[in-house]
Amino acid sequence: MAILPILEVPDPRLRRVATPVEAMTDALGALIADMFETMYAAPGIGLAAPQVDRPIRLLVMDLMDGPPNGEGRATRNPRVFINPEILERSAELSVYNEGCLSVPDQYAEVERPARVRARWRDEHWTLHEAELDGLLATCLQHELDHLNGVLFIDRLSRLKREMVLKRLQKQRQEAARRAAA
Ligand code: K1U
Ligand code: ZN
């Protein structure tokens with residue numbers, strides 16, 4: 001297993017539209033394992049294959065909403081989505097303060113449909129169809145955007161997007177200054 005480098009804005013590779021996955025293979029299984037290791041190390045709750053420079057329609061997620069362990073704490077609940085599609089979106093919207101591993105340490109409120117009906121395959125190539133809500137719906141929409149070359153900052157007003165990118169630039173400059181000192 002390996003931790004993969006995560007592409008960051010403004011890398012043009014984040015803007016590619018990803019291609020469908022044809023079949024489950026050993027190589028795909030190895031990529032899924034690497035993506036989970038990368039996501040947990042970041043840390044994050046989701047990761048799309050284009051973020052690690054694999055422009056295919058695959059994403060992984062873990063909202064740590066598994067059954068509580070003996071101490072009553074949340075446990076890992078890894079989920080794999082291959083070729084995910086959104087079939088229906090609710091008219092009702094919800095707002096979540098989203099982050100993105102490709103826009104490091106920047107958070108902003110994004111409005112999206114509160115519920116979606118989605119279809120996807122898992123790592124056993126089993127087909128699923130379900131209505132999702134809450135953070136699962138928000139995170140799936142965020143990750144599916146990555147498969148279409150869209151970032152959460154594209155869904156902000158121009159003013160808010162510029163503020164986020166300016167903050168990121170400042171943070172990068174400070175990190176470079178500290179590294180040079
Ligand atoms: O796609 C990504 O870049 C991952 C992103 C997923 C996401 C977060 C919030 C709303 C929608 C989608 C992240 O995981 S950002 C980091 C984050 O949210 C987090 C990190 C540590 C603990 C808990 C959350
Ligand atoms: Zn993201």
Side-chain angles (χ1 to χ4, degrees), residues 2-18 21 31-66 68-69 73-86 89-90 92-116 118 120 123 130-157 160-165 167-169 171-172 175:
I3 295 178
L4 306 170
I6 297 175
L7 303 179
E8 295 183 3
V9 279
D11 195 311
R13 290 173 290 179
L14 288 168
R15 297 307 189 169
R16 293 176 292 192
V17 176
V21 175
L31 173 61
I32 290 169
D34 287 349
M35 285 176 62
F36 274 117
E37 192 177 2
T38 304
M39 183 192 76
Y40 288 128
I45 57 171
L47 186 68
Q51 292 179 277
V52 290
D53 201 16
R54 308 302 196 278
I56 59 170
R57 301 189 83 79
L58 160 70
L59 60 96
V60 299
M61 210 189 282
D62 191 338
L63 307 181
M64 303 294 275
D65 55 351
N69 62 15
R73 276 202 301 270
T75 53
R76 283 187 175 179
N77 188 13
R79 291 177 163 106
V80 176
F81 296 79
I82 300 171
N83 297 335
E85 293 171 78
I86 292 183
R89 296 167 171 81
S90 66
E92 188 195 334
L93 302 176
S94 73
V95 176
Y96 193 85
N97 198 32
E98 295 189 16
C100 181
L101 300 176
S102 297
V103 190
D105 303 318
Q106 306 303 318
Y107 288 81
E109 289 192 339
V110 181
E111 199 174 48
R112 299 183 187 270
R115 290 177 303 286
V116 293
W120 69 96
E123 66 275 32
E131 173 147 320
L132 311 178
D133 61 8
L135 183 54
L136 185 52
T138 296
C139 195
L140 182 69
Q141 292 175 80
H142 176 116
E143 301 305 335
L144 229 153
D145 269 356
H146 278 300
L147 306 187
N148 294 323
V150 174
L151 300 174
F152 83 104
I153 52 173
D154 303 335
R155 299 195 174 278
L156 305 176
S157 68
K160 281 191 185 158
R161 181 166 53 253
E162 282 169 3
M163 275 172 51
V164 166
L165 291 174
R167 270 198 324 246
L168 178 60
Q169 192 186 10
Q171 178 187 291
R172 282 172 171 162

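Everything quoted here is computed from the prediction, not taken from an experiment. Counting starts at 1 for both ligands and their atoms, in listed order.
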Within a distance under 4.0 Å of any heavy atom of [X], pick out the atoms of ligand 1 and give their elements.
| X | result |
| --- | --- |
| G99 | 5 (C), 7 (C), 8 (C), 9 (C), 15 (S) |
| C100 | 3 (O), 15 (S) |
| H146 | 1 (O), 3 (O) |
| Q51 | 1 (O), 2 (C), 3 (O) |

According to the interplanar angle, ranging from 0 to 90°, do the rings of Y40 and F36 count as parallel (below 30°), tilted (30 to 60°) or perpendicular (above 60°)?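 Y40 and F36: parallel rings.
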[atom] - nearest protein heavy atom and its distance:
| atom | value |
| --- | --- |
| atom 20 (C) of ligand 1 | P43 O, 3.3 Å |
| atom 23 (C) of ligand 1 | I45 CG2, 4.0 Å |
| atom 4 (C) of ligand 1 | G46 O, 3.1 Å |
| atom 10 (C) of ligand 1 | E98 CG, 3.6 Å |
| atom 17 (C) of ligand 1 | Y107 OH, 3.8 Å |

Hey, is ligand 1 close enough to L101 that some N/O pair sits below 3.5 Å?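 In this structure, L101 places an N or O atom under 3.5 Å from an N or O of ligand 1.
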Does an N or O anywhere in H142 fall below 3.5 Å from an N or O of ligand 1?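 It does: an N or O of H142 is found under 3.5 Å from an N or O of ligand 1.
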Just how far is it from atom CD of E111 to atom CZ of R155, taken to the nearest 0.5 Å?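 Between atom CD of E111 and atom CZ of R155 there are 11.0 Å.
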Residue part near ligand 1, for E143, under 4.0 Å between non-hydrogen atoms: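 Under 4.0 Å from ligand 1, E143 contributes side-chain atoms alone.
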Salt-bridge criterion met for E8 and R172 (N-O under 4.0 Å):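 The answer is yes: the pair qualifies as a salt bridge.
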Between R16 and D11, does at least one N-O distance fall below 4.0 Å, as a salt bridge requires?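 Not counted as a salt bridge, because no side-chain N and carboxylate O are separated by less than 4.0 Å.
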Are [X] and [Y] packed together at the side-chain level, in the sense that at least one heavy-atom pair is separated by less than 4.5 angstrom?
| X | Y | answer |
| --- | --- | --- |
| L136 | R115 | no |
| V60 | I32 | yes |
| R112 | H142 | yes |

Sidechain-backbone polar pair: N83 side chain, W120 backbone, donor-acceptor under 3.5 Å: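 Absent.
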With the Zn ion (ligand 2) at the centre, find the angle made by NE2 from H146 and NE2 from H142, to 10°.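 The NE2/NE2 angle about the Zn ion (ligand 2) sits at 110°.
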Does ligand 1 have any atom that is closer than 4.0 Å to a heavy atom of M61?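 Flag not set, M61 not near ligand 1.
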Would you mind telling me which of I153, L156, V110 makes a side chain to side chain contact (heavy atoms under 4.5 Å, CB included) with E98?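 The side chain to side chain contact (heavy atoms under 4.5 Å, CB included) with E98 is passed solely by V110 among I153, L156, V110.
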